[in-house]
Amino acid sequence: MIGAAATGASMAMPSLVRAASWPERPLTMIVPSDAGGSIDRAIRGLSTVMQKHIGQPIQVENRPGGSFMLGVRYFLQQPQDGNVILAHALSPYIASSILFHQAPYKIEDFAFMNAFWSDWDVIAAYKDSPYRTLPDLLKAIKENPKKVRASVVTGSSGHLTTLLMLQRAGIPVGNLNLVTFQGGGQARQAIAGGQVDFIVIAGSGSEGVREFVKPLAVVRDTPHPDWDAPVLAEAIKSMGLSLPVLPGSMRGLAMSARFRAEHPDRWDIIQAAHKATLQDPDFIKFAESNAMGHDWLGPEKTTEKVKAVHDIFAEFKPLLQR
């Protein structure tokens, strides 16, 4: 449906980008996670509309594995001529792969174009579990070692929040049967199927599993109108605990720093096409109907946010390396 709308709009409203001599062949967006996750769904919707603004087809290629490193490494190994774009949860996964998995790249190797969808996390129990509040859940983990199961995406803000909850509550990490996944799709399938007792994961990407969970808290400073749950600080107030509100996933596009330096004209073309896509009624309709963002932060602000999250994760590096 979105593809048909994009084709019609392309014929009726040619983009300024289409007049450029580049690109001359189809582009590829590399997604370093499994198909079916929130970033994969967002990028497939984005690419369908963006191709009309850049004048060439855009295919999406999933390259999961290695705590998201395999896809990122593959992207960096391609010719840096602009024909391959990194479409990723830019934060926190690039930072976590560098800090915790000895990634063969560094933050400075990337030119972050834009984070169009910034998320926050929800802590939710399986619908048939006995846990009604976050203190109930933490008490069960403390008193029943290895009995409570949880799913998180490895290296995510939800992963770190889970470990921080245990630490601040004085609960040994080994008490929790923690299952880590390489993508949000698999982690959500685990809670939907009742294979785990709770999940800590991006909230805006979790509408598909809403009927299978009971939200216990939202990791935000303010309540969320779509999730009937207290903010994290309120949820743990009765326990006398405090936790930092970690920023959730920031999904967006990036190129290599080398590409931006060597091909500033092509960088400008991709950036203009991406910005036009975010303002396109077809993509706005798609994003809002799927509870996805369509923000334009721009390269400077996106880079600032990615680096800030890197610093937060570096602060808690010993906890995630246990």
Side-chain angles (χ1 to χ4, degrees), residues 29-47 60-76 84-101 103 105 107 109-122 151-162 180-188 199-208 219 246-256 274 278 287 290-297 299 301-313 320:
M29 287 187 174
I30 301 298
V31 178
S33 56
D34 294 309
S38 56
I39 181 62
D40 177 69
R41 298 194 307 273
I43 292 303
R44 289 183 186 277
L46 180 84
S47 63
V60 177
E61 185 175 336
N62 295 89
R63 290 267 175 173
S67 299
F68 306 101
M69 283 193 296
L70 295 185
V72 177
R73 288 183 63 184
Y74 176 79
F75 161 74
L76 290 172
V84 177
I85 301 168
L86 180 63
H88 193 18
L90 305 175
S91 176
Y93 298 118
I94 289 180
S96 63
S97 64
I98 293 169
L99 291 167
F100 311 120
H101 302 290
Y105 46 78
I107 288 287
D109 291 332
F110 301 92
F112 299 104
M113 184 169 289
N114 182 54
F116 65 87
W117 180 16
S118 297
D119 212 338
W120 44 272
D121 289 330
V122 61
S151 64
V152 298
V153 178
T154 183
S156 67
S157 53
H159 189 179
L160 181 52
T161 291
T162 302
T180 59
F181 293 91
Q182 294 291 310
Q186 293 177 325
R188 292 183 181 93
I199 189 171
V200 186
I201 201 160
S204 293
S206 299
E207 285 71 19
V219 187
L246 301 178
S249 296
M250 289 172 47
R251 306 169 180 95
L253 304 184
M255 305 298 291
S256 71
H274 179 47
L278 299 177
N290 287 278
M292 297 175 177
H294 48 89
D295 303 323
W296 176 255
L297 301 183
K301 191 169 183 180
T302 297
T303 301
E304 178 184 318
K305 286 179 172 287
V306 170
K307 289 184 175 180
V309 172
H310 175 278
D311 292 345
I312 292 172
F313 271 62
L320 275 166

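Because only heavy atoms are used, hydrogens play no part in the values below, and waters and symmetry mates are left out as well, while side chains stay in.
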I want to check something: taking the side chain as every heavy atom from C-beta on, are [X] and [Y] in contact at a cut-off of under 4.5 Å?
| X | Y | answer |
| --- | --- | --- |
| Gln182 | Pro64 | no |
| Leu86 | Phe110 | yes |
| Phe75 | His88 | no |
| Met292 | Arg41 | yes |
| Ser206 | Ile201 | yes |

Is there a donor-acceptor pair closer than 3.5 Å between any side-chain N or O of Asp295 and the backbone N or O of Trp117? no
Do side-chain atoms of Asp121 reach the backbone of Val219 as a donor and acceptor pair under 3.5 angstrom?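 Here the side-chain-to-backbone pair does not exist.
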What distance separates [X] [atom1] from [Y] [atom2], expressed to the nearest 0.5 Å?
| X | Y | atom1 | atom2 | value |
| --- | --- | --- | --- | --- |
| Thr303 | Leu297 | OG1 | CG | 10.0 Å |
| Trp296 | Thr302 | CH2 | OG1 | 7.5 Å |
| Ile85 | Met113 | CD1 | CE | 7.0 Å |
| Phe313 | Leu246 | CZ | CG | 6.5 Å |
| Leu278 | His294 | CG | NE2 | 8.5 Å |
| Asp119 | Arg251 | CG | CZ | 4.5 Å |

Considering the options Ser97, Ser96, Ser91, which one meets the side chain to side chain contact (heavy atoms under 4.5 Å, CB included) requirement together with Tyr93? Ser96
side-chain contact (heavy atoms from CB on, under 4.5 Å) between His274 and Leu46, intermediate numbers included: CA-CA 8 Å; His274 179 47; Leu46 180 84; 3.9 Å; yes
Quick one: side-chain hydrogen bond (donor to acceptor under 3.5 Å, both in side chains) partners of Thr162, sequence neighbours excluded? none
Start with the C-alpha distance between Leu253 and Ile43, add both sets of side-chain angles, then the distance that settles side-chain contact (heavy atoms from CB on, under 4.5 Å), and finish with yes or no. CA-CA 9 Å; Leu253 304 184; Ile43 292 303; 4.1 Å; yes
Could you please spell out the steps behind the side-chain contact (heavy atoms from CB on, under 4.5 Å) verdict for Gln186 and Ser151? CA-CA 9 Å; Gln186 293 177 325; Ser151 64; over 6 Å; no
Looking at Arg44 and Asp40, is any side-chain nitrogen of the basic one under 4.0 Å from a carboxylate oxygen of the acidic one? yes
As a quick check of understanding, evaluate side-chain contact (heavy atoms from CB on, under 4.5 Å) for Ile94 and Phe68, giving each step before the final call. CA-CA 8 Å; Ile94 289 180; Phe68 306 101; over 6 Å; no
